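For the numbers below, each heavy atom of this structure counts, side chains included, while hydrogens, waters and symmetry mates do not. Bear in mind that the values here come from a model prediction, so they are computed numbers and not experimental data. Here is the naming used below: chain letters follow the sequence lines, and residue numbers restart at 1 for every chain.
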Number of protein chains: 2
Amino acid sequence: MAAEPTEPNSQPDFPPGSAINPAIPPATVARLILYARELGRLRREGESHVSSKLLGQLLSVSDAVVRRDVSHLGSMGQRGVGYEIVPLIRQIRQTMGTNLSWKVALIGAGSLGHALLRYRGFDEQGFQLVAAFDTDPAICSRSIGGVPILPLDQLETTIATEGVTLAILAVPVDAADAVAKRLAASGVAGILNFAPRTLQKFPGVCVVNVDLASELQQLSFAVVSQK
Amino acid sequence: MAAEPTEPNSQPDFPPGSAINPAIPPATVARLILYARELGRLRREGESHVSSKLLGQLLSVSDAVVRRDVSHLGSMGQRGVGYEIVPLIRQIRQTMGTNLSWKVALIGAGSLGHALLRYRGFDEQGFQLVAAFDTDPAICSRSIGGVPILPLDQLETTIATEGVTLAILAVPVDAADAVAKRLAASGVAGILNFAPRTLQKFPGVCVVNVDLASELQQLSFAVVSQK
DNA sequence: TAGATTGTTAATCGATTAACAATC
DNA sequence: TAGATTGTTAATCGATTAACAATC
């Protein structure tokens with residue numbers, strides 16, 4: 001089994017990942033992540049407080065939705081004043097688990113894998129890409145974005161020794177299920193799946209799917225249905 | 001204004017994009033796209049029919065959800081038999097607008113842009129990448145995945161002459177809003193936005209957002225909340 | 001006919017909206 | 001105090017589930 005993610009900035013007041021309300025609705029989770037993104041921008045612009053009204057405008061949701069969403073984190077605001085940005089970001093990150101430092105492996109260093117290795121956005125959120133894997137010997141033992149590319153043979157041993165807890169799956173669709181099985185057996189707790197296939201389910205392994213072609217289809221539907 | 005997408009396989013029985021039920025719920029739309037993906041696989045495996053039960057199992061949803069979703073397309077099944085795969089795929093594609101041939105431009109040919117230019121999944125769904133744009137002269141006038149990379153100056157003229165209707169936005173976050181504005185002014189009907197920012201709204205322009213860092217945060221939340 | 005499976009209804013569940021008392 | 005804004009309640013809206021008559 002792989003190691004637990006470590007906690008760099010100690011937050012003793014709440015057990016990690018458990019919010020006040022034990023079950024946060026999925027729609028709220030998705031929005032909280034976006035609130036944190038916008039709050040980071042406001043903070044960089046020098047703001048210290050924000051109202052539910054303004055935060056809602058930034059994401060095209062109502063102020064009532066923002067308040068309802070944030071209330072899942074406890075009582076974070078001050079009547080008449082709004083929310084203090086820094087504590088709110090911290091509380092969202094703690095609830096999402098992004099206050100932890102996650103070690104991530106990428107499997108499949110094709111063109112999408114290359115792009116993900118160079119993507120700076122993961123690191124900024126506490127996700128540390130520690131290794132990439134590929135079956136093609138021609139690209140192995142190189143390094144991209146500071147991440148070594150290793151032969152797929154070394155998947156299990158590297159996951160164990162590095163303490164990898166999350167995996168990004170960017171292999172061809174026909175290899176996806178077999179690699180997912182090996183990841184599950186290696187004790188990885190979550191898989192971000194870019195292969196356009198519903199993966200087999202493994203107990204204790206969370207999966208989030210990103211299907212680029214599906215997203216473009218969502219867009220074409222939005223266009224044809226708006227008339 | 002850019003041209004309308006053309007219709008290669010004429011489907012005279014329904015006006016394009018308009019289903020029997022005028023308003024299909026967003027959750028249903030997302031699933032219909034995934035049904036089509038799995039149906040394509042079943043067809044390639046030689047199947048001619050599928051039941052709501054089997055199709056549901058392939059996507060981890062109940063048979064009742066499948067029937068309810070599909071019923072938005074009209075009466076597609078046969079009691080005691082199930083759904084005929086080929087007509088069901090065709091009807092889903094028509095409803096999603098993917099029976100049309102969409103011309104797509106990519107803006108931002110960095111590492112993510114490169115990967116998207118090489119990605120074969122768009123073409124398979126009727127999305128035709130006709131041009132890419134970048135501000136960096138070093139990579140312009142090259143071609144990647146058969147798609148020419150042009151200087152950003154030529155954005156408006158190329159959209160007009162090629163009849164581009166959709167855009168994939170893969171520029172750095174600080175350039176996103178300015179480029180989106182130019183796309184909207186050029187008559188593009190939809191933007192698939194990879195920049196981690198909520199874009200300004202433009203009338204008549206649909207936006208679908210894909211934020212890779214957010215997806216990874218969704219995953220870490222799923223892991224910490226499953227206990 | 002008997003078995004299978006759809007299409008749809010009614011009941012349940014969950015999320016959003018509107019409103020407002022509480023309070024900074 | 002007066003104005004602003006939260007946190008929460010009740011009402012509305014929408015989606016899912018369970019069940020089953022219709023029918024192939």
4.5 Å side-chain heavy-atom contact, V208(B) and L216(A) | no

Give, for atom CG of L73(A) and atom OG1 of T95(A), the distance between the pair rounded to the nearest 0.5 Å.
-> 4.5 Å

Please report, rounded to the nearest Å, how far the P atom of dC24(C) is from the CE atom of M76(A).
-> 16 Å

Could you list by number each residue of residues 37-54 of chain A showing a heavy-atom separation from DNA chain D of less than 4.0 Å, or answer none if no residue does?
-> S51(A), S52(A)

Anything under 3.5 Å between a protein N or O and an N or O of nucleotides 15-20 of chain C, put it in a table, one pair a line.
residue : atom : partner : partner atom : Å
dT16(C) : OP1  : R31(A)  : NH1          : 3.0
dT16(C) : OP2  : R31(A)  : NH2          : 3.1
dA19(C) : N6   : R67(A)  : NH2          : 3.4

To the nearest 0.5 angstrom, please state how far the CG atom of L59(B) sits from the OG1 atom of T198(A).
-> 4.0 Å

Would Q217(A) and R93(B) count as a side chain to side chain donor-acceptor pair (under 3.5 Å) if you check the C-alpha gap in whole Å, the side-chain angles of each, and the deciding distance to 0.1 Å?
-> CA-CA 9 Å; Q217(A) 290 173 73; R93(B) 288 179 58 87; 5.6 Å; no

So the side chain to side chain donor-acceptor pair (under 3.5 Å) pairs with at least one residue in residues 172-182 of chain A (sequence neighbours excluded) are E156(A)-R182(A)

Assign each of R79(A) and Q78(B) to its nearest nucleotide of DNA chain C by heavy atoms, then name whichever residue's nucleotide is nearer the 5' end.
-> Q78(B)

Which pairs with one or both residues in residues 43-57 of chain B pass side chain to side chain donor-acceptor pair (under 3.5 Å), sequence neighbours excluded?
-> S52(B)-R67(B)

To the nearest angstrom, the CD-P distance between E84(A) and dT6(D) comes to 14 Å

Hits for ring-ring contact (aromatic ring centres under 6.0 Å, His included) against F122(A), two or more places apart or cross-chain, chain-then-number order -> Y119(A)

Quick one: the dot-bracket string of DNA chain D, using Watson-Crick and G-U wobble pairs with both distances under 3.5 Å, [ ] for crossing pairs and | for bases paired to another strand.
-> ..||||||||||||||||||||||

Rounded to whole Å, the CG-P distance (D63(A) to dG7(D)) equals 12 Å

Figure out the CD1/P separation between I85(B) and dT6(C), and round it to whole Å.
-> 12 Å

So, do I92(A) and I33(A) sit near enough that their side-chain heavy atoms are less than 4.5 Å apart?
-> no

Under 4.0 Å: is that the gap between some side-chain N or O of Y83(A) and OP1 or OP2 of dC24(C)?
-> no

Does T28(B) reach the main-chain N or O of I24(B) with its side chain, forming a donor-acceptor pair under 3.5 Å?
-> no

Determine, stepwise, if the pair F194(B) / L116(B) fulfils side-chain contact (heavy atoms from CB on, under 4.5 Å).
-> CA-CA 11 Å; F194(B) 284 89; L116(B) 296 171; 3.8 Å; yes

Atom CG of L55(A) and atom C1' of dG7(D): how far apart are they, to the nearest Å?
-> 16 Å

Backbone of R197(B) reached by a side-chain donor or acceptor of N193(B) within 3.5 Å | yes

Verify the contact: side-chain N or O of S75(A) to OP1 or OP2 of dG7(D), cut-off strictly under 4.0 Å; return yes or no.
-> yes

